[in-house]
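Protein chains get the first letters and strands the later ones, always in sequence-line order, with residue 1 at the start of each.
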There are 2 protein chains.
Amino acid sequence: MNRKATALDVAKRAGVSRSAVSLVLNGRGDGNVAKESQDRIRLAAQELKYSPNAIALSLRNQRSRVIGIVSDEVVVSPFDGNIIGGADDVARSRGFVTVVMDTERDAARDASAIETLLDRQVDGLMYVTVGLKPLDVPHGMLRVPSVLANCYDSSPKPQLHHVIPDEITGGRDATEHLLQLGHRDIALLAGAEGSPAAPLRVEGYRDAYAAAGLSVRADRITMAGWDIDAGFHGAMKLLDGVSPAERPTAIMCANDRLAIGVALAAARLGLSIPADLSVMGYDDEARIADTMVPALTTMALPLREIGRAAMTTLLDTIEGVSGADTAETNVETMVPCRLVIRESTGPAPTR
Amino acid sequence: MNRKATALDVAKRAGVSRSAVSLVLNGRGDGNVAKESQDRIRLAAQELKYSPNAIALSLRNQRSRVIGIVSDEVVVSPFDGNIIGGADDVARSRGFVTVVMDTERDAARDASAIETLLDRQVDGLMYVTVGLKPLDVPHGMLRVPSVLANCYDSSPKPQLHHVIPDEITGGRDATEHLLQLGHRDIALLAGAEGSPAAPLRVEGYRDAYAAAGLSVRADRITMAGWDIDAGFHGAMKLLDGVSPAERPTAIMCANDRLAIGVALAAARLGLSIPADLSVMGYDDEARIADTMVPALTTMALPLREIGRAAMTTLLDTIEGVSGADTAETNVETMVPCRLVIRESTGPAPTR
DNA sequence: TTGAAAGCGTTACCAG
DNA sequence: CTGGTAACGCTTTCAA
């Protein structure tokens, strides 16, 4: 646990001054320091395993090459962690590191996390949420380049760029997949009221119906909730004791957990998926959708892409890349969802 | 985006010197600074919203009150995030903050994450994994007080304290719950080979059988895997086309996803849970076990407790709390799992 | 009771 | 081409 080597140690060992060390190790040696000294410096640095002290560097340069990521509950919840994964990919590839702080949905902690990060000279901030939602943007975020991922500035005058999934198109594409398979009566288990994502997915569903010249039956749309039991009870209501002619031939779910509930209900009722009933999920949740029996056709949320896009615009503004967004330019990036066809959807049964 | 107030700004506004500001704001004002000046200083600090620059502080004090948490994939995976939540609770309550870096299972990134954290003067390090596993401890962790959560030093001479769940007792308690309900033929879907947790849970299962004076049937234990499909196929093999007398009356699963697969199979076979078949999960995965239909009886992994315990021992050694572990004292803390009884287990069917 | 100065490890500037 | 010096913001010691 002995102290790390400093630039001074390297200088001494190489028999030069600190400044020479600094110049050489930052690639500005040529034309400033004798070749011979350069070699000695580099050798000494290696022998001492010298790496500059990041703290001193930050203090000196007033920047740290660190991006702070604040999340409402991405770390502790099972969802959406890949947004952070994608963001980190991009950050690393551009020579930045990310540090994450999760506030477990406590708004008071948001502010203090951001203050902490700011105090440590982060060069930029990113706020990530579990599930699309409006955000009361913490004040500190405006003091440094910042971006929102999977959430958006809920104030009347949005200041921050945000990156979100295109839920309307997602809902539409999912519905169209089913329509193309010949389904004409598609029930929608639509998630819970109060979530911003749910109504958008419903809107996409309506769009697809309209585009196909079909009219939607209001009673086919249920704001069921987001969990397995909601899917189960929703499906039972739709299917149990209902004659085949009256049954929807497909159930589209607003997430994969609902689809599990639907599958449970179908199995209990002796209905086979997809022969008797097609089931669609949404999210493509890892270790759920792909391992379901049958494997779930679903609309994948572009989590990594959201993270990548958000980090890219953030770093572009930090590094002043030309074309980087200013207050004027677009404040919204929408990333398309991706249809993943597996085994839970098939041709509508003939009746 | 104008610069933050510094101690010098406060001093100027209060008409005193920088040092006075420092003394007063660190509670060492009495006996050193006139009461009157103290008030002026505090007022000025408030007006300027002064808070000390953490970077300068770290540089000066050679410590940061930051704990670095490195994870193999806790952030991006859906599992075990609550370990970090628990750790953060304890850290905050003791005036530390945590920053998380996820290396997405890339050992090369472990080392660099730790180097980055060390360069930023973290006062301590914690490594967290998804699922119990041996860890090839990255070298840098030995340069600063460190602790392992949900993993353990795989080297012959373990150096670091680790905190892990008591899987053997967990397996035993789960089995005993079923035994107490009258089950005598309990099948075990035991997870995958190669995972350290699986054999421990099996050992607990054997212990419970032994304690009850029962002998285990080797063919009742299947290393099935960890996912829904494995549970489904495992259950089908156990149940499909097997006469009631030959069927196990309960299936114990090494995690909740396997239990989903089992429930799916049971429903398809017209078996009712728990009347015909009791099903146990393991993990008490959020939004899965509690919302299953029927709600899953399961063995809850003490994730938050693991995080809390790990952070507590870490901070104790950092702050030199008496009784804090030294190289001599215990290197292992085992946290008990917690039986959560819901609706998927019931009395063994009479036959 | 107060203020000046040193030092934490860097880098950038400017004489030599 | 080189080495000393200032500055980043803070705390602590020492002298006034």
Rounded to whole angstroms, how far apart are [atom1] on [X] and [atom2] on [N]?
| X | N | atom1 | atom2 | answer |
| --- | --- | --- | --- | --- |
| A/Asn26 | C/dA12 | CG | P | 7 Å |
| A/Asp119 | D/dG9 | CG | C1' | 12 Å |
| A/Leu59 | D/dC8 | CG | P | 9 Å |
| B/Lys35 | C/dT1 | NZ | P | 8 Å |
| A/Asn61 | D/dA7 | CG | C1' | 12 Å |
| B/Lys12 | C/dG3 | NZ | P | 14 Å |
| A/Leu8 | C/dC8 | CG | P | 9 Å |
| A/Leu23 | C/dT10 | CG | C1' | 12 Å |

Check every atom of D/dT12, C/dT10, C/dG3 against the side chain of B/Val16 and return the nucleotide holding the closest atom. C/dG3
Which nucleotide in C/dG3, D/dC10, C/dG9 has an atom nearest any side-chain atom of B/Thr6: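 Per side-chain heavy atoms of B/Thr6, the pick is D/dC10.
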Got a second to check how far [X]'s [atom1] is from [Y]'s [atom2], nearest 0.5 Å?
| X | Y | atom1 | atom2 | result |
| --- | --- | --- | --- | --- |
| A/Asn150 | A/Leu303 | CG | CG | 7.0 Å |
| A/Asn82 | A/Arg308 | CG | CZ | 11.5 Å |
| A/Ser71 | A/Met126 | OG | CE | 10.0 Å |

Modelled atom types, side-chain donor and acceptor of A/Thr6 and A/Arg18, under 3.5 Å: no
Protein N or O to nucleotides 14-16 of chain D N or O, pairs below 3.5 Å:
none

Mind checking if [X] touches a base, just sugar-phosphate, or nothing, with heavy atoms under 4.0 Å?
| X | result |
| --- | --- |
| A/Arg28 | sugar-phosphate |
| A/Asn32 | base |
| B/Ala7 | sugar-phosphate |
| A/Ser58 | nothing |

With the threshold set at under 4.0 Å for non-hydrogen atoms, list the residues of residues 38-48 of chain A touching DNA chain D in residue-number order. none
Does any N or O in the side chain of B/Asp110 come within less than 3.5 Å of the main-chain N or O of B/Asp72, such that one atom is a donor and the other an acceptor?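 Looks like no, no N/O pair under 3.5 Å.
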Between the protein and nucleotides 4-7 of chain C, are there any N/O to N/O pairs under 3.5 Å, and if so, what are the atom names and distances?
unit_1: C/dA4; atom_1: N6; unit_2: B/Ser19; atom_2: OG; d: 3.2
unit_1: C/dG7; atom_1: N2; unit_2: B/Arg60; atom_2: NE; d: 3.3
unit_1: C/dG7; atom_1: N2; unit_2: B/Arg60; atom_2: NH1; d: 3.0

Taking the basic N atoms (NZ, or NE/NH1/NH2) and the acidic carboxylate oxygens, is any pair closer than 4.0 Å for [X] and [Y]?
| X | Y | value |
| --- | --- | --- |
| B/Glu104 | A/Arg304 | yes |
| A/Asp316 | A/Arg94 | yes |
| A/Asp106 | B/Arg92 | no |
| B/Glu47 | B/Arg40 | no |
| A/Lys35 | A/Asp39 | no |

Answer yes or no: does a side-chain N or O of A/Gln62 lie under 4.0 Å from OP1 or OP2 of D/dG9? yes
Reading DNA chain C from 5' onward, which residue's closest nucleotide shows up sooner: B/Val33 or B/Gln121? B/Val33
Determine, stepwise, if the pair A/Gln46 / A/Arg42 fulfils side chain to side chain donor-acceptor pair (under 3.5 Å). CA-CA 6 Å; A/Gln46 211 160 20; A/Arg42 265 187 277 267; over 6 Å; no
Might you point out which heavy atoms bring B/Pro158 and B/Asp153 nearest each other, and give the distance in Å? CA-OD2, 3.3 Å
